[in-house]
Amino acid sequence: MDKPSNFLTEIIDADLAAGKIKEIHTRFPPEPNGYLHIGSVKAIWINWGIAHAYGGKFNLRYDDTNPAREDMEYVNSIREDLEWLGAIPNGGVFYGSDYFDKCYEYAEKLILDGKAYVCDLNRDEMREYRGDDAGKPGKDSPYRNRTPEENLDLFRRMKAGEFADGEKTLRAKIDMASPNMNMRDPAIYRIKHISHHRQGDKWCIYPLYDYAHPIQDALEGITHSMCSIEFENHRPLYEWVIENLGFGEFPKQREFARLNMTNTVMSKRYLRELVELGIVDGWDDPRMPTLCGLRRRGYTPESLINFVQMAGVAKAYSLQDARMLEYCIRTELDTSAERRVAVLNPVKLIIDNIADGDVQTFALPNNPKSETAGTRDVLLTKELWIEKEDFAEVPPPKFKRLTIGGEVRLMGAYIVKCVGVDKDENGDVTAIHCTADIETSNGMPADGRKVKGTIHWVSCKNAVDADIKLYNQLFTEQDMNALPDGADYKDYLNPESVVTLTGCKLEASLADAKPTDRFQFVRNGYFTRDSKSENTFNRIVTLKDSYKI
RNA sequence: UGGGCUGUCGCCAAGUGGUAAGGCACGGGACUUUGACUCCCGCAUUCGCUGGUUCGAGUCCAGCCAGCCCAACCA
């Protein structure tokens, strides 16, 4: 992985050069309310990648301050996905909820300092007092000038469970005239009589993100808290908390644009809905942009990291072309994936000049790019399976494969010449008859004639059957963030997001392939065995410009 | 509407006053027992717009336009 270089690392370099900090400490703070997806990889790569590149520390911290939305299922999946990516939290694994005691202590301190007060306004009233026009100042809450003693008493009674949900909040006393609405006395504690997935019933008041996050960062010694750009408006509040609790210049928050990708929805809400509605098979459906989905599809951690790295870091809205991700996985698999033959849409090819019982062995390279990958023995018999598309009675322009009377190379073996076809009563080709030029088993013909086409094949006696799933984009619309007003994202689902081919003929050595193996099915793309369905291979990505099936 | 942020090639993105990097995509060619890979070549007289400052502006100034975010007791 290359060392990151962007406007964030510039800030870090400056802090380092000024001697303000000696070690970089970052964090990735997901809320456990869904599965990690490729958009998360950007936040992970920025935070983990920078810490890693600078020899610093990186924390995983579950941001679990709202018990209403969080669940252990997500906690576990996040841990798993992060480790799969290789982003090791060398600074530790933490939970925002572990700081509830600290947050509470600091809240009492703010109250005593006259910087926070208990407010009895309900949600609607609070909105009304805050004002709906940031150009004009809001109105002070009638409870704004309660004494610290009174506030402390009330806050303790909030904690003790004396009040119902929504009855009171603790608010930071900042500036009701600020043009930044986040600074108009934001709520920092709310009452929720709900069990927390880790704290149980210990608490009935929970801190809000804007208050809890800077405290968590500060307590963990985070130097740079890098988050997505929608938090930019919250930075003054982040800094207010840091300053008024006496933490100093660090941690500092900086923001970057989140990752979007063509034909992809990234919002956890929609992803959850796709799962709940049964539109996809689950969070790990191979069409999902979740890490578990991409993993099941066959993507590697390296390809994902490489993709976000290639996409870059800036603050402008951007829509990454999904083809860039495909490029990343293709390039990686080209050098690492062993080659195998899979005939997706088979038709029989009969070599007339080979005897019925004759079985010949050819050693085919596992990866022509790699000397260490070795070879495997492939059997050739009189009857073979080839792709239907590799034969054409009436060849389209520039067609390089088999035609009647034409020649083609059987990859790794003979040049064959088509001498005729068998047809059924409908006129469909049932078998293609060829003669092999036996002299060309391992080289070019002696007369120097050129054969342009090369096709792949598998012996009928040595083939295994399997189903093949071809995946395409889940959505037809490119920018799912810019749908017309009133449009539903579900209107843009691609009906051909998965196409299943049955009765495909695979090279026998694929019979015991594992779901973690990745192969290039020669001339068809990169595939891996599906981890959940029997005898099924998933297409990871096509070969570029290869003919499409 | 008020505030914040953003606007450089189809998609990303460098650029920090000295005369537009790079990647993806795309087009053309070479090579090829994968129409893959690889390798060449091409691809912004122009930086949201309009003025201004300057010998010189994508970079500075002014005005305008467009997009995104915020105005939850979500994160």
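Below, chain A is the first sequence line, B the second, and so on; all start at residue 1. Scope of the values below: all heavy atoms of this structure, side chains included, with no hydrogens, waters or symmetry mates.
Base-pair partner of B/A21: not found among the strands shown (Watson-Crick or G-U wobble, both distances under 3.5 Å). Here B/G27 sits opposite B/C41 as a Watson-Crick or G-U wobble pair (both hydrogen-bonding atom distances under 3.5 Å). Under the Watson-Crick or G-U wobble criterion, with both distances below 3.5 Å, B/G2 is paired with B/C70. Across all strands shown, nothing is found opposite B/U33 as a Watson-Crick or G-U wobble partner with both distances under 3.5 Å. Base pairing of B/C49 is made with B/G63, judged by Watson-Crick or G-U wobble geometry with both donor-acceptor distances under 3.5 Å.
Residue pairs meeting the ring-ring contact (aromatic ring centres under 6.0 Å, His included) criterion with at least one member in residues 314-336 of chain A, sequence neighbours excluded, do not occur.
The separation of B/A44 from B/A13, taken at their C1' atoms, amounts to 14 Å, rounded to a whole angstrom. Comparing the C1' positions of B/A62 and B/A71 gives an interatomic distance of 30 Å, to the nearest angstrom. Taking atom C1' on both nucleotides, B/A21 is separated from B/G35 by 33 Å, rounded to a whole Å. Using atom P as the reference point in both B/G15 and B/G7, the two lie 12 Å apart (nearest Å). When the C1' atom is used for both B/G22 and B/C9, the distance is 13 Å, rounded to whole Å. For the C1' atoms, the distance linking B/U54 with B/G42 amounts to 36 Å, nearest Å. Separation of the C1' atoms belonging to B/G18 and B/U32 is 47 Å when rounded to the nearest angstrom. Taking the C1' atom of each, B/G2 and B/U50 are spaced 26 Å apart, rounded to whole Å.
Taking the side chain to side chain contact (heavy atoms under 4.5 Å, CB included) definition, one finds that A/Ile78 meets it with A/Pro30, A/Pro32, A/Leu36, A/Leu60, A/Tyr62, sequence neighbours left out. Residues that satisfy the salt bridge (charged side-chain N to carboxylate O under 4.0 Å, His left out) test with A/Arg258, not counting sequence neighbours, are A/Glu230. Residues passing the ring pair (Phe, Tyr, Trp, His ring centres under 6.0 Å) test with A/Phe94, sequence neighbours excluded: none. Applying the ring pair (Phe, Tyr, Trp, His ring centres under 6.0 Å) criterion to A/Tyr35, with sequence neighbours excluded, gives A/Tyr74, A/Trp283. Partners of A/Lys417 under the salt bridge (charged side-chain N to carboxylate O under 4.0 Å, His left out) rule, at least two apart in sequence or in another chain, do not exist in this structure. For A/Glu477, the side chain to side chain contact (heavy atoms under 4.5 Å, CB included) partners two or more places apart in sequence, or in a different chain, are A/Met480, A/Leu483, A/Tyr492.
Between A/Arg323 and B/C11 there is no side-chain polar atom (N or O) within less than 4.0 angstrom of OP1 or OP2.
Per the geometry, CE belonging to A/Met261 stands 17 Å off P belonging to B/C11, to the nearest Å. Here the C1' atom of nucleotide B/C12 and the CD atom of A/Glu326 are 16 Å apart, to the nearest Å. In this structure, the NZ atom of A/Lys452 is 17 Å from the C1' atom of B/A36, given to the nearest Å. Atoms NZ (A/Lys544) and P (B/U34) sit 17 Å apart, rounded to a whole Å. Atom C1' of nucleotide B/G7 and atom CG of A/Leu319 are separated by 15 Å, given to the nearest angstrom. Following rounding to the nearest Å, A/Arg184 (CZ) and B/G2 (P) show an atom-to-atom distance of 13 Å. The OH atom of A/Tyr327 sits 14 Å away from the C1' atom of B/A36 (whole-angstrom rounding). Here B/A36 presents its P atom at 11 Å from CD of A/Gln520, a figure rounded to the nearest Å.
Positionally, the nearest nucleotide of RNA chain B for A/Lys315 lies more toward the 5' end than for the other of A/Lys315 and A/Phe521.
Both tests do not hold together for A/Lys42 against A/Phe256: distance to the six-membered ring centre under 6.0 Å, angle to the ring axis within 45°. Within the cation-pi definition used here (under 6.0 Å to the ring centroid, within 45° of the axis), A/Lys192 does not qualify as a partner of A/Tyr206. For the pair A/Arg401 and A/Phe391, the cation does not sit on the ring face, since its NZ or CZ is not both under 6.0 Å from the ring centre and inside 45° of the axis.
When heavy atoms are screened at a 4.0 angstrom cut-off, A/Phe399 is found touching base atoms of the nucleic acid.
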Note to self: Each nucleotide in nucleotides 66-75 of chain B should get exactly one letter: B, S or -. Can you fill that in based on protein heavy atoms under 4.0 Å?
What the structure shows: ---BSBSBBB

Every protein N/O within reach of nucleotides 29-33 of chain B N/O, cut-off under 3.5 Å:
from, atom 1, to, atom 2, distance (Å)
B/U33, O2, A/Gly412, N, 2.6
B/U33, N3, A/Arg409, NE, 3.4
B/U33, O4, A/Arg409, NH2, 3.0
B/U33, O4, A/Gly443, N, 2.7

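In the interface, the side chain of A/Arg235 is not paired with the base of B/G4 through any donor and acceptor atom under 3.5 Å apart.
Between A/Phe519 and A/Phe527, the gap from one ring centroid to the other reaches at least 6.0 Å.
Nucleotide B/A72 carries a syn base; the chi torsion (O4'-C1'-N9-C4 or O4'-C1'-N1-C2) is within 90° of 0.
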